[in-house]
Colleague: 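One structure, as structure tokens, below. Some questions next.
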Amino acid sequence: MGHEEPPLETRVIPIDPEAPDAGVLAEAGAIIRAGGLVAFPTETVYGLGANALDDASVRRIFAAKERALDDPLIVHLATAADLGRVAADVPALARELAATFWPGPLTLVLRKRPEVPASATAGLDTVAVRVPAHPVALGLIAAAGVPVAAPSANRFTRTSATTAAHVLEDLGGRIEMVLDGGPAAFGVESSVVDVTGEPPRLLRPGALTLEALERVAGPLALGPGKERPASPGMMERHYAPRARLVYIREGGVETLRARVADAVALGLRTGVIGTDLDAAAVAGIEGVHVAMLGVEGDHASFAAGLFAGMRKLDADGVELVVVRRPGTSGLARAVDDRLRRAAAEVVE
Ligand code: AMP
Ligand code: MG
């Protein structure tokens with residue numbers, strides 16, 4: 001699948017992330033109502049928005065991203081009160097999760113209403129829905145007056161965009177507008193929970209931790225169920241940098257150091273994405289490109305900087321990137337999931 005449209009002029013409009021200008025939101029909302037594409041910040045990553053109820057608009061998202069048509073989108077609402085516009089049936093647990101975590105980085109998979117075009121759900125009878133916790137996203141959706149389908153604003157299989165610059169890098173010339181509200185806070189995508197069956201199922205670990213979810217929902221099943229279609233972000237190769245990524249899942253900082261030393265000895269342009277501990281471990285090795293995301297144990301900083309780190313090392317022309325697992329709980333779970341999908345090689 002290619003992109004054959006003539007290039008558009010993509011307007012980048014700076015916008016205050018806390019107090020967005022109503023005139024800018026109205027203009028962006030009008031673009032979406034008219035069938036156009038607007039990229040906007042959310043608390044997780046940047047989204048690429050279109051009118052979720054219009055098949056032609058939704059198809060433009062797939063064309064711009066070069067996204068596979070069997071990968072469904074997340075539909076964004078300004079308020080949970082609008083759920084009835086897209087979801088046919090909202091079980092009690094879904095209501096409780098929405099009341100607890102919306103606006104926020106939780107996506108619920110629900111039975112869909114017929115008004116939602118098949119293109120938005122990849123032909124599934126379910127629809128993924130969330131209310132984002134970001135004034136620009138909420139203001140844009142409200143101004144558009146329609147549910148807004150919005151996957152991450154990046155080319156398919158690449159890392160999700162966490163800044164407006166990332167969006168332009170991937171989608172410049174393909175979309176009408178980017179609202180630049182600064183870097184996304186979480187830096188990883190929403191957690192996706194399928195509440196159409198029993199038990200509820202965490203299809204994609206994300207910015208809302210499993211621990212927080214289970215306090216409300218009780219124990220969740222993990223990963224795609226056998227009888228249900230796999231969740232698309234769960235595709236094997238995804239979220240990947242151009243460089244070959246080696247993921248040190250077991251073995252710790254010594255394994256990372258040895259791996260980096262070997263690569264450098266082979267003459268490879270080598271990078272590390274990690275914490276202060278990783279940076280210290282490779283400090284004695286000449287010529288290593290380091291993207292330092294924060295101090296050891298700070299999973300929030302790690303998640304927030306991971307995709308930007310991959311893009312930075314790509315821009316530096318790095319050929320091999322080594323990353324060590326940052327932890328096993330909380331936000332580190334989402335990071336681990338993304339790294340396993342980004343990796344050309346996993347060291348267990
Ligand atoms: P993206 O916004 O690019 O991260 O992609 C949307 C994500 O939402 C996908 O990766 C899926 O994991 C999930 N998703 C969307 N719709 C559904 C659905 N109907 N059933 C299961 N997962 C879904
Ligand atoms: Mg994506």
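Start at 1 and go down the list; that is how both ligands and their atoms are numbered.
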Colleague: With a 4.0 Å cut-off, would you call E43 and R130 a salt bridge?
Modeller: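 R130 and E43: salt-bridged.
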Colleague: Are L140 and V146 connected in the hydrophobic side-chain network, where two residues link if heavy atoms are under 4.5 Å apart?
Modeller: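 Hydrophobic grouping puts L140 with V146.
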Colleague: Taking the non-hydrogen atoms of T107, is any one of them nearer than 4.0 angstrom to ligand 1?
Modeller: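 No.
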Colleague: Tell me the nearest of E189, R67, K65 to atom 6 (C) of ligand 1, using heavy-atom distances.
Modeller: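 Selected option, by shortest heavy-atom distance: R67.
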Colleague: Does a salt bridge link E296 with R324, judged by any charged N lying under 4.0 Å from a carboxylate O?
Modeller: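 Yes, charged N to carboxylate O under 4.0 Å.
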Colleague: What's the spacing between R158 CZ and K65 NZ if we round to 0.5 Å?
Modeller: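 Between atom CZ of R158 and atom NZ of K65 there are 11.5 Å.
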Colleague: Have a look at ligand 1 and work out which part of V109, if any, has a heavy atom under 4.0 Å from it: side chain, backbone, both or neither.
Modeller: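 Answer for V109: side chain.
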Colleague: Check if T121 has a non-hydrogen atom at a distance under 4.0 Å from any atom of ligand 1.
Modeller: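 Contact absent.
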Colleague: By number and element, which atoms of ligand 1 are closer than 4.0 Å to a non-hydrogen atom of T126?
Modeller: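 Numbered from 1, ligand 1 contributes 18 (C), 19 (N), 20 (N).
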Colleague: Considering the heavy atoms of L124, write down every atom of ligand 1 situated less than 4.0 Å from one of them.
Modeller: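 Counting atoms of ligand 1 from 1, those under 4.0 Å from L124 are 18 (C), 19 (N), 20 (N).
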Colleague: With clusters defined by side-chain heavy atoms of hydrophobic residues (ILVMFWY) lying less than 4.5 Å apart, directly or transitively, does V193 cluster with V86?
Modeller: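 V86 clusters together with V193.
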Colleague: In terms of atom number and element, which parts of ligand 1 are under 4.0 angstrom from non-hydrogen atoms of R204?
Modeller: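 Those qualifying, in numeric order: 1 (P), 4 (O), 7 (C), 10 (O).
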Colleague: Backbone or side chain, does N154 get an N/O/S atom under 2.8 Å to the Mg ion (ligand 2)?
Modeller: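 For N154, the answer is no, given that no N, O or S atom comes within less than 2.8 Å of the Mg ion (ligand 2).
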Colleague: Under 4.0 Å from a heavy atom of P151: give me the atoms of ligand 1 that qualify, with their elements.
Modeller: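 Selected atoms, number and element: 2 (O), 3 (O).
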Colleague: Out of curiosity, does L108 fall in the hydrophobic cluster containing L93 (side-chain heavy atoms, cut-off under 4.5 Å, transitive links)?
Modeller: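 They do share one cluster, since a chain of ILVMFWY contacts under 4.5 Å joins L93 to L108.
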Colleague: Find the distance between CD (E66) and CG (L171) and round it off to the nearest 0.5 Å.
Modeller: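 Between atom CD of E66 and atom CG of L171 there are 9.5 Å.
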Colleague: Mark up the atoms of ligand 1 that fall under 4.0 Å of a heavy atom belonging to A128, in ascending order.
Modeller: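 Within the 4.0 Å cut-off of A128, ligand 1 contributes 14 (N), 15 (C), 16 (N), 17 (C).
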Colleague: Would you call K112-D125 a salt bridge at under 4.0 Å N-O?
Modeller: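 A salt bridge is absent here (no side-chain N lies under 4.0 Å from a carboxylate O).
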Colleague: If you measure from each non-hydrogen atom of D194 to ligand 1, which part falls under 4.0 Å: side chain, backbone, both or neither?
Modeller: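 Neither part.
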Colleague: Pull out every atom of ligand 1 sitting under 4.0 Å from any heavy atom of L203, numbered as shown with elements.
Modeller: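 Answer, ordered by atom number: 21 (C), 22 (N).
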